[in-house]
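This is a predicted model, so every value here is computed, not measured. Below, chain A is the first sequence line, B the second, and so on; all start at residue 1.
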There are 2 protein chains.
Amino acid sequence: MTVAPLPKASRRGLAQEAADLIREAIFTGHFPPGAQLREVELAASLGVSRGSVREGLALLEREGLVHSVWHRGTTVVDVTAQDVEEVYALRAALDRLAATSAQRNATADQLTELDTLVRAMAQEISGDASGTTLLALDIAFHDRIYDAANNRRLVEAWRAVRSQIYLFQLRRIALGYEHYRARVVDEHRELVTLLRADDRETLARRAEEHVDSARCSLLAGLSPSM
Amino acid sequence: MTVAPLPKASRRGLAQEAADLIREAIFTGHFPPGAQLREVELAASLGVSRGSVREGLALLEREGLVHSVWHRGTTVVDVTAQDVEEVYALRAALDRLAATSAQRNATADQLTELDTLVRAMAQEISGDASGTTLLALDIAFHDRIYDAANNRRLVEAWRAVRSQIYLFQLRRIALGYEHYRARVVDEHRELVTLLRADDRETLARRAEEHVDSARCSLLAGLSPSM
DNA sequence: TCATGTCCTAATGTTGACATTCGACATTGA
DNA sequence: TCAATGTCGAATGTCAACATTAGGACATGA
């Protein structure tokens with residue numbers, strides 16, 4: 001009894017859809033860190049069966065957003081300073097590879113797309129929008145670099161930390177993001193310049209330092225409360 | 001279907017067990033690259049339900065051993081030269097981070113364990129065992145380094161390539177492994193030495209080169225047949 | 001002969017019911 | 001009073017049946 005065949009364009013399965021919805025709920029704070037994600041509850045709330053919810057939660061575990069223990073359910077990950085260190089150390093290594101690979105493989109179109117994103121960031125800053133838009137642009141910028149790297153496995157590894165980084169930064173923005181705002185545009189613009197240049201070693205180093213600067217400013221804003 | 005309540009000591013759920021069995025079957029060549037893994041078939045063969053098989057296949061997909069498309073089932077990954085490049089590029093980045101992190105965090109016990117593994121490799125070479133034992137030691141060696149790095153996310157990322165590397169090397173060994181045999185011990189011994197030393201930059205570089213040497217010798221042995 | 005459209009089949013996607021496990025509370029005994 | 005133990009509830013783990021889909025065989029037409 002399919003009443004509305006139109007929204008069927010998704011074609012991705014209910015598990016993916018459930019994962020998207022739950023992820024969004026985590027980002028909006030509906031499920032705070034450490035909260036239990038009960039399968040029956042979610043199934044009823046989302047209008048799908050427990051099996052699909054279960055599979056969706058498995059996808060979110062791949063992204064590092066939730067953690068599940070045998071017969072003890074799944075909970076939203078708790079953010080400790082140790083977690084931040086781990087994620088950003090891994091991200092630095094991935095970004096380094098992504099940048100150097102993209103330097104070799106990126107097309108002209110992909111590079112101009114990066115320019116566009118940097119310009120959008122600059123415009124966002126002159127306005128007074130909430131930091132979330134800026135953050136979305138930041139993530140999108142790095143998404144493009146990973147795409148340009150042309151390495152499916154690398155993109156997979158990036159997905160495993162991407163959501164966590166988004167979550168960390170969301171929390172940080174809630175506490176004020178002047179520091180972030182001050183540096184984003186310049187740092188990203190420099191990355192594009194280096195991508196266009198021919199100096200592999202400098203690019204690799206700067207890509208790592210870019211992540212490290214993000215890590216430091218995140219820890220500085222979060223440490224007292226954790 | 002509870003015939004034997006004794007081996008119930010696993011306590012890891014049927015999905016994990018199913019994943020282990022299927023992984024083993026892939027390694028032994030029972031499921032060649034590109035083979036379809038039908039859920040009903042596996043469920044019947046393993047004596048568990050389709051749901052558990054399904055979950056187990058999802059675990060194997062996390063490891064990059066299988067690939068599944070919506071409503072088209074899951075197949076064993078096919079090994080192309082592109083795949084080798086991707087996996088080894090990613091592994092080089094991960095190994096670099098693992099080595100430098102382990103240099104800071106490794107305990108004396110962990111380092112002596114690495115010594116033991118290198119000695120075991122040397123002994124294995126003087127004997128005439130099949131290369132699989134040597135390969136297992138090789139993987140175990142790097143497992144220890146990742147453990148010593150003390151970064152759960154990094155270990156997760158390593159798991160996502162570990163099985164693929166094992167699969168690649170297995171195939172390579174089948175075609176003769178004199179080249180591999182000649183270098184393994186020396187290269188790993190050097191890594192341990194560098195881990196004990198204080199030179200971060202050299203260690204990082206050598207860790208990357210260690211992977212690159214493995215990549216080259218793998219491609220050299222495999223290229224004609226792929 | 002080729003293109004096209006319709007079935008049909010074999011597989012996966014999805015679901016609700018059943019079995020198992022964990023944590024907490026109450027109970028019992030010293 | 002306290003510790004060990006039994007019971008209970010709620011949640012997850014597992015299962016087998018139902019719905020949906022992709023891909024091919026077949027027939028039809030130009």
(request) Report yes if a side-chain nitrogen or oxygen of A:Arg72 is closer than 4.0 Å to either non-bridging phosphate oxygen (OP1 or OP2) of C:dT21; otherwise report no. (result) no

(message) Please report the distance, rounded to the nearest Å, between NE2 in A:His71 and P in D:dA11.
(response) 14 Å

(request) Give the rounded distance in Å between these two atoms: CD of A:Glu61 and P of D:dT12. (result) 13 Å

(request) Check the angle between the aromatic planes of A:Trp158 and A:His142 and answer parallel, tilted or perpendicular using the 30° and 60° thresholds. (result) tilted

(message) From CZ of B:Arg38 over to C1' of D:dG23, roughly how many Å is that when rounded to an integer?
(response) 14 Å

(request) Report the relative orientation of the aromatic rings in A:Phe168 and A:Tyr88; use parallel for angles under 30°, tilted for 30 to 60°, perpendicular for over 60°. (result) parallel

(request) Compare all side-chain heavy atoms of A:Gln82 with those of A:Glu85 and state whether any distance is below 4.5 angstrom. (result) no

(request) May I ask you to evaluate whether A:Arg54 reaches the phosphate of D:dG13, defined as a side-chain N or O under 4.0 Å from OP1 or OP2? (result) yes

(message) So does A:Ala160 get a backbone contact from the side chain of A:Gln164, meaning a donor-acceptor N/O pair under 3.5 Å?
(response) yes

(message) What is the distance, to the nearest angstrom, from the CD atom on A:Glu39 to the C1' atom on C:dA17?
(response) 15 Å

(request) Starting at atom CZ of B:Arg12, determine the distance to atom C1' of C:dC22, rounded to an integer number of angstrom. (result) 19 Å

(message) Classify A:Gly51 by what it touches in the nucleic acid, base, sugar-phosphate, or nothing, heavy-atom distance under 4.0 Å.
(response) base

(request) Would you tell me if any nitrogen or oxygen in the side chain of A:Ser52 comes within less than 4.0 Å of OP1 or OP2 on C:dG13? (result) no

(message) How many whole angstroms separate atom CG of A:Leu57 from atom P of D:dG13?
(response) 10 Å

(message) Is it the case that C:dG13 (base atoms only) and B:Arg50 (side chain only) share a donor and an acceptor within less than 3.5 Å, ignoring hydrogens and angles?
(response) yes

(request) Find the distance A:Leu46:CG to C:dT15:P and express it as a whole number of Å. (result) 11 Å

(message) Tell me the interatomic distance from B:Trp70, atom CH2, to C:dA11, atom P, rounded to whole angstroms.
(response) 18 Å

